[in-house]
Every structure is written in structure tokens, then in C-alpha cells.
Amino acid sequence: MKNFLTLGIETSCDDTGVAILENDNKVLCEYLSSQIKDHSRFGGVIPEFAARKHLENLLPLVDAALREINIRGQDLSLIAVTRGPGLMGSLIVGVQTAIALSQVWGVPLIGVNHIEGHLFAPLVDSQDLEPPFLSLIVSGGHTEIIEVKEFGKYRLLGETRDDAAGEAYDKAARILGLKYPGGPEIDKLAKTGDSHAFNFPIPLKNTHEIEFSFSGLKTALLWQVKKFQEAGENIPVNDLCASFQRAVTEALMAKVNLAVKLTGIKRVSASGGVSANSALREALSNSKNFRAWLPKLSRCTDNAVMVAMAGHNSWERGAFVNDTVIPDPALHAI
């Protein structure tokens with residue numbers, strides 16, 4: 001039987017990803033061009049600039065991937081591209097490139113929901129994770145828990161009311177004068193801080209709904225920093241980072257535990273940029289209420305392997321598009 005080769009393309013935000021997957025989950029090659037250094041001077045992602053960088057990076061990465069495994073574009077079985085949600089300019093670059101390659105090579109094309117892509121990230125290296133399971137997706141733009149009844153059949157159990165967890169980390173870092181992106185910086189400094197030095201509120205910890213909110217926690221941090229500034233005292237950045245991180249982790253864990261209790265499902269996966277956070281990974285891994293599956297650190301953030309895997313799985317379910325794909329920056333979570 002001929003091997004099924006899927007080219008994955010990811011350009012939803014500021015990372016340009018390309019990967020080629022063989023059959024279900026064998027990664028033949030993967031490339032990721034990060035724009036962190038390009039955007040760090042701005043303190044965040046500039047959409048138009050991100051799109052321009054994708055234009056520069058995408059085709060050379062596709063060419064490098066084909067050359068690495070010594071195949072032609074016509075040898076591919078499927079092209080899977082992120083169609084949303086994300087930044088419109090970035091999505092357009094990825095989708096239009098994928099459409100052009102599909103037409104030139106005569107290869108079928110499928111659009112992938114970025115959130116479904118994240119859902120597949122832990123499965124790339126963990127073949128024993130099967131539905132039903134709960135998926136915690138925590139990134140700069142999303143914080144939600146999804147019940148995976150079977151692949152292609154999902155139920156959104158709850159999401160954030162305001163800021164996503166990753167967004168809260170970036171805003172907290174800005175308040176503390178740390179560099180972008182904020183999540184890794186806070187995680188690093190928290191390791192040498194006292195996580196109980198400040199009693200920050202645990203957002204929505206005791207509510208009976210699966211829901212998140214991080215704007216109030218961010219405000220609590222801001223007022224604490226202002227107190228030190230007004231008193232002319234040194235700001236204990238490490239302790240603030242550790243205490244803030246503890247509050248975020250406890251808020252996330254409270255709702256994961258609630259979801260496990262309400263559904264009776266004791267298999268939990270996590271993905272998205274914040275799933276690389278050391279405190280969250282430790283809390284999930286050490287839970288006595290469920291077993292956790294976590295992606296390797298390189299696949300916590302946006303990447304093309306997860307897009308290729310989600311696309312291939314969708315193709316196998318018969319949900320494919322063979323002519324065109326329309327980018328949708330506001331595409332609803334699965």
C-alpha cells in the first residue's frame with residue numbers, strides 16, 4: 001500500500017510552520033520559522049508585519065521539506081492548511097499558497113481548524129490517547145476545555161470570559177517590565193520566587209461552571225506593582241511572577257478537575273503555548289484525579305505537524321475540500 005503523505009502548513013499568527021507526515025503520525029520532516037525576535041521590539045505581534053514575514057518564509061520552507069525527504073510536490077497525497085481562527089493577513093498567506101500548490105501539483109486540499117490542530121498535538125507522540133478525552137487548550141488567544149467524544153465530534157465545555165491565559169501572561173510581563181513573550185519569562189523567574197508571597201485571587205475557582213477569567217488577576221498584579229512604586233520600594237519581580245503563575249495554574253486546574261467530575265472522563269490532554277509552562281505541566285502530570293497527556297515542548301506552540309495530523313484524520317473521516325479553502329479569522333472553536 002502506498003504511503004499517504006500529508007503536507008501541513010501553519011500560518012495562523014506569527015509562526016510559519018511546514019511539515020510532512022507519513023500516514024497517521026510518522027513525522028518525516030518539520031520546519032518552524034519563529035518571528036519572536038521580529039516582534040519583540042514591539043512588545044507583541046504586529047499583524048501586517050507577521051503576514052509579510054510569512055510571505056518571505058513559507059515557500060522556502062516548503063521547498064526545504066520536499067528536498068529533505070527527496071520527493072516532488074506531485075508525490076504528496078494531501079495538503080492541509082490552517083484556515084482559522086487567527087490573523088487574517090497571516091491566514092491569507094498560508095491558504096492562498098496552499099491553494100496554488102494544490103492546483104499546480106494536482107493534490108487535494110483540506111482546511112484545518114487551528115483549534116482542532118492543537119487538539120491533535122499531544123497525539124503525535126502518544127498513541128495510547130484515544131477518545132473520549134478532555135482537551136485543555138491554553139494559548140495566547142484561547143483558553144477552553146473541549147470534550148472529545150470521537151475525532152470529529154467535539155463539545156465545548158467552557159472557555160474564557162475575557163483574556164486567554166497566554167494573553168494574561170503577556171500582559172503581566174508587560175506590567176513587570178519583562179520582555180516579550182511574557183509566558184516563558186514569568187515561568188523562568190518564578191522558579192526562584194515564592195509562590196505564596198502574594199495571595200492573588202484564583203479567578204472563578206469555586207464557581208459551578210466550566211469557565212475562565214484572567215482580567216481580574218492581571219489587575220490585581222497591576223495594583224500590587226503600583227503599591228511598590230508609590231512607596232518607592234524595589235519590586236520583588238520573582239515573587240510576583242511565582243505568585244501570579246500559581247494563581248493561573250490553580251485557576252486552570254480547578255476547571256479541569258470540574259470537567260473531569262462532571263463528565264466522568266479521566267483522560268486529559270493539554271496543548272497550546274501555555275501547556276509548555278512548567279508549573280502547569282507539573283500540576284497536570286501529578287494529578288490524582290486523571291491521567292494527563294502533554295505534547296513535547298516543541299509542539300506546544302503553533303506548528304505544522306499538528307495541522308497535518310488533523311488534516312489527515314479529517315480526510316480519513318471523509319470531510320475534505322477538493323477545490324478551495326476560505327480563510328476565516330473568526331472561525332469558531334471546533
Side-chain angles (χ1 to χ4, degrees), residues 3-23 26-40 42 45-114 116-118 120-121 124 298-299 301-312 314-315 320-329 331:
N3 289 337
F4 195 98
L5 301 179
T6 303
L7 170 67
I9 295 175
E10 159 60 24
T11 62
S12 64
C13 189
D14 60 328
D15 287 329
T16 311
V18 169
I20 298 178
L21 193 73
E22 182 179 26
N23 299 329
K26 183 178 180 181
V27 181
L28 298 182
C29 62
E30 58 182 311
Y31 291 85
L32 186 69
S33 178
S34 173
Q35 299 180 21
I36 287 178
K37 291 183 179 179
D38 298 300
H39 295 275
S40 60
F42 306 116
V45 177
I46 305 300
E48 183 179 356
F49 187 44
R52 290 178 180 273
K53 295 299 292 185
H54 287 309
L55 278 171
E56 294 176 12
N57 297 329
L58 185 50
L59 283 178
L61 291 183
V62 171
D63 183 61
L66 295 175
R67 288 177 181 276
E68 179 176 337
I69 62 173
N70 193 29
I71 66 168
R72 303 173 305 158
Q74 294 89 335
D75 297 325
L76 294 167
S77 309
L78 178 68
I79 298 174
V81 62
T82 300
R83 71 182 187 93
L87 301 177
M88 187 58 172
S90 295
L91 292 170
I92 287 175
V93 173
V95 168
Q96 292 301 319
T97 299
I99 291 173
L101 295 177
S102 171
Q103 293 175 345
V104 170
W105 293 334
V107 176
L109 173 66
I110 188 167
V112 173
N113 186 312
H114 181 71
E116 186 175 21
H118 274 305
F120 273 88
V124 178
S298 64
R299 297 203 181 104
T301 55
D302 298 342
N303 64 87
V305 173
M306 68 184 195
V307 175
M309 191 170 184
H312 177 256
S314 295
W315 173 272
F320 63 89
V321 177
N322 208 22
D323 49 4
T324 190
V325 172
I326 299 175
D328 185 355
L331 186 65

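As the structure is a computational prediction, the values presented were derived from the model and not from experiment.
Nearest heavy atom pair, residue Pro85 against residue Leu91, reads C-CD1, 4.2 Å. Smallest separation of non-hydrogen atoms from Met306 and Gly117: CB-O, 3.1 Å. Nearest approach of His54 to Cys13, heavy atoms of both residues: NE2-O, 2.8 Å. The two residues Ile110 and Trp315 make their nearest non-hydrogen contact at CD1-N, 3.9 Å. Among all heavy-atom pairs drawn from Ala98 and Ile9, the shortest one is CB-CD1, 4.2 Å. Val95 and Pro327 get closest at one heavy-atom pair: CG1-CD, 3.9 Å.
Considering NZ of Lys26 and OG1 of Thr6, their distance stands at 14.0 Å, rounded to 0.5 Å. Atom-to-atom distance recorded for Asn113:CG and Ser12:OG is 10.5 Å, nearest 0.5 angstrom. Atom CG of Leu76 sits about 9.0 Å away from atom CG of Leu101, to the nearest 0.5 Å. Rounded to the nearest 0.5 Å, atoms CG (Asp63) and OH (Tyr31) are 9.5 Å apart. Taken to the nearest 0.5 Å, the CD atom of Glu30 stands 5.5 Å off from the OG atom of Ser298.
Asn23 places a side-chain N or O within 3.5 Å of a backbone atom of Phe4 that can act as its donor or acceptor partner. Panel note: side chain Thr11, backbone Ser90; a donor-acceptor pair is recorded below 3.5 Å.
Partner of Thr97 under the side-chain contact (heavy atoms from CB on, under 4.5 Å) criterion, out of Val81, Leu59, Val62: Leu59 alone. Checking each of Ile79, Asp75, Leu7 against Val107 for a side-chain contact (heavy atoms from CB on, under 4.5 Å) leaves exactly one that passes, namely Ile79. Partner Val27 forms a side-chain contact (heavy atoms from CB on, under 4.5 Å) with one of Glu22, Arg299, Met309 and no other, that one being Arg299.
Atom CD1 of Ile326 is surrounded by 12 or fewer heavy atoms from other residues, nucleotides or ligands within 6.0 Å.
Side-chain contact between His118 and Asp302: present, with at least one pair of heavy atoms (C-beta onward) separated by less than 4.5 Å. Leu331 places a side-chain heavy atom less than 4.5 Å from the side chain of Arg83.
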For this session: Given side chain to side chain contact (heavy atoms under 4.5 Å, CB included), test Asp15 with Ser33 step by step and report yes or no.
Result: CA-CA 6 Å; Asp15 287 329; Ser33 178; over 6 Å; no
Problem set entry | Verdict with supporting geometry, Leu28 and Leu5, side chain to side chain contact (heavy atoms under 4.5 Å, CB included) | CA-CA 9 Å; Leu28 298 182; Leu5 301 179; 3.7 Å; yes
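The residues Glu48 and Arg52 are annotated as salt-bridged, a charged nitrogen and a carboxylate oxygen being separated by less than 4.0 angstrom.
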